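The structure displayed is predicted, hence computed values, not measured ones. First listed ligand is number 1; within each ligand, the first listed atom is number 1.
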Amino acid sequence: MTPPTTETTLAPAGPLAIPGTNLHQLSVLLGHTERLATLGTLTASMAHELNNPVSIIISACNDVKGKLDEGSLDEEHAHRLLGVIEESAWRCARLVQTLSRYSHPAGPAFVPADLNEIINDTLTLLQYEFRTPVAVALVTALAPDLPPVLWDQNQISQVLVNLLTNARDALTPAGGEITIRSWAIPMEERVAFSVSDDGPGVPPAILGRIFEPFFTTKPAGQGTGLGLSIAAGIVAQHQGRITVANNPAGGVTFTVVLPTRPGER
Ligand code: ADP
């Protein structure tokens with residue numbers, strides 16, 4: 001997969017002629033093969049990433065058992081350890097979910113959907129994740145009367161989750177504002193959404209690299225470097241494009257433009 005840059009557009013596979021195979025089948029096949037090829041590397045990295053939270057869970061459980069045996073487990077300590085276990089278990093769940101989405105062979109299931117509903121549902125889903133001591137305000141500016149779309153809602157929601165989580169991370173610990181916008185581009189039969197934050201932005205030197213698989217600037221154990229590459233893969237499967245630009249006033253905006261009916265193109 002070619003990583004998009006500020007200027008790059010992710011397009012479906014170019015024309016290739018193999019007798020008896022139509023172009024759509026071929027591009028689905030190529031996409032699947034490419035994903036499977038990446039899967040080996042992904043699995044190795046995922047095993048490494050899982051090791052850390054799993055070790056934390058085991059050691060916290062041992063701590064609880066030891067303290068229970070000694071009869072010295074006070075309520076505050078138990079709460080703290082359970083919090084550590086819960087947080088690490090969530091991390092494992094997210095990693096496994098990421099991997100299974102990436103390896104899903106069936107490709108997107110294009111069904112009728114409404115972009116604003118996908119956005120609102122995703123924000124509801126993230127309420128738990130965003131229940132954080134960091135003060136992050138979520139602002140929506142959603143265009144009314146968007147045309148209906150034929151998308152894989154779960155996958156587009158995954159793109160939003162990845163962008164929103166990154167924005168939240170960029171605003172940690174200072175806090176700030178995340179704005180989600182949606183709008184229609186009627187002449188092109190496309191709709192678009194963007195996720196902006198007023199955090200530190202992406203240093204220009206790495207702007208062209210952030211969509212690469214495993215590229216992360218987050219501390220070990222916190223970033224997998226997969227969020228944006230998976231988002232870009234999903235957008236490409238929907239025959240759309242994802243772009244990134246630092247905002248003049250600070251922070252960054254990710255914009256996703258998608259055809260309303262990609263399955264029919
Ligand atoms: P991860 O979040 O695990 O690091 P991603 O592929 O989602 O992996 O992101 C890659 C990198 O892109 C991040 O480590 C970060 O450096 C940069 N990045 C992504 N979103 C933002 C943002 N909203 N603000 C600043 N940097 C960002």
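- In this structure, a donor-acceptor pair under 3.5 Å is present between the side chains of Thr253 and Ser196.
- Checking only distances, Lys218 does come within under 3.5 Å of ligand 1, N or O to N or O.
- Between Trp151 and His238, the closest side-chain pair of non-hydrogen atoms falls below 4.5 Å.
- Each of the atoms 6 (O), 8 (O) of ligand 1 lies under 4.0 Å from some heavy atom of Leu226.
- Looking at Asp197 against ligand 1, only its side chain comes within 4.0 Å, counting heavy atoms.
- Using a 4.0 angstrom heavy-atom cutoff, Gly225 counts as in contact with ligand 1.
- Below 4.0 Å from some heavy atom of Gly223 lie the following atoms of ligand 1, by number and element: 3 (O).
- The Ile210 neighbourhood of ligand 1 comprises atoms 6 (O), 10 (C), 12 (O), 17 (C), with distances under 4.0 Å to a heavy atom of that residue.
- The atoms of ligand 1 that sit less than 4.0 Å from any heavy atom of Gly227 are 5 (P), 6 (O), 7 (O), 8 (O).
- Each of the atoms 22 (C), 23 (N), 24 (N) of ligand 1 lies under 4.0 Å from some heavy atom of Val252.
- Of all atoms in ligand 1, listed by their number and element, those nearer than 4.0 Å to a heavy atom of Val202 are 25 (C), 26 (N), 27 (C).
- The shortest heavy-atom distance from Gly201 to ligand 1 is under 4.0 Å.
- With a 4.0 Å cut-off on non-hydrogen atoms, Leu228 touches ligand 1 through its backbone as well as its side chain.
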- Item | Asp63 and Lys67: CA distance, side-chain angles, deciding distance, salt bridge (Lys or Arg N to Asp or Glu O under 4.0 Å) verdict | CA-CA 6 Å; Asp63 201 357; Lys67 293 237 159 16; 3.3 Å; yes

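- For the pair Asn166 and Phe254, the minimum side-chain heavy-atom distance is 4.5 Å or more.
- If you look at Phe211 next to ligand 1, there are no close heavy atoms at all, none under 4.0 Å.
- Within the structure, the closest approach of Thr224 to ligand 1 falls below 4.0 Å when heavy atoms are considered.
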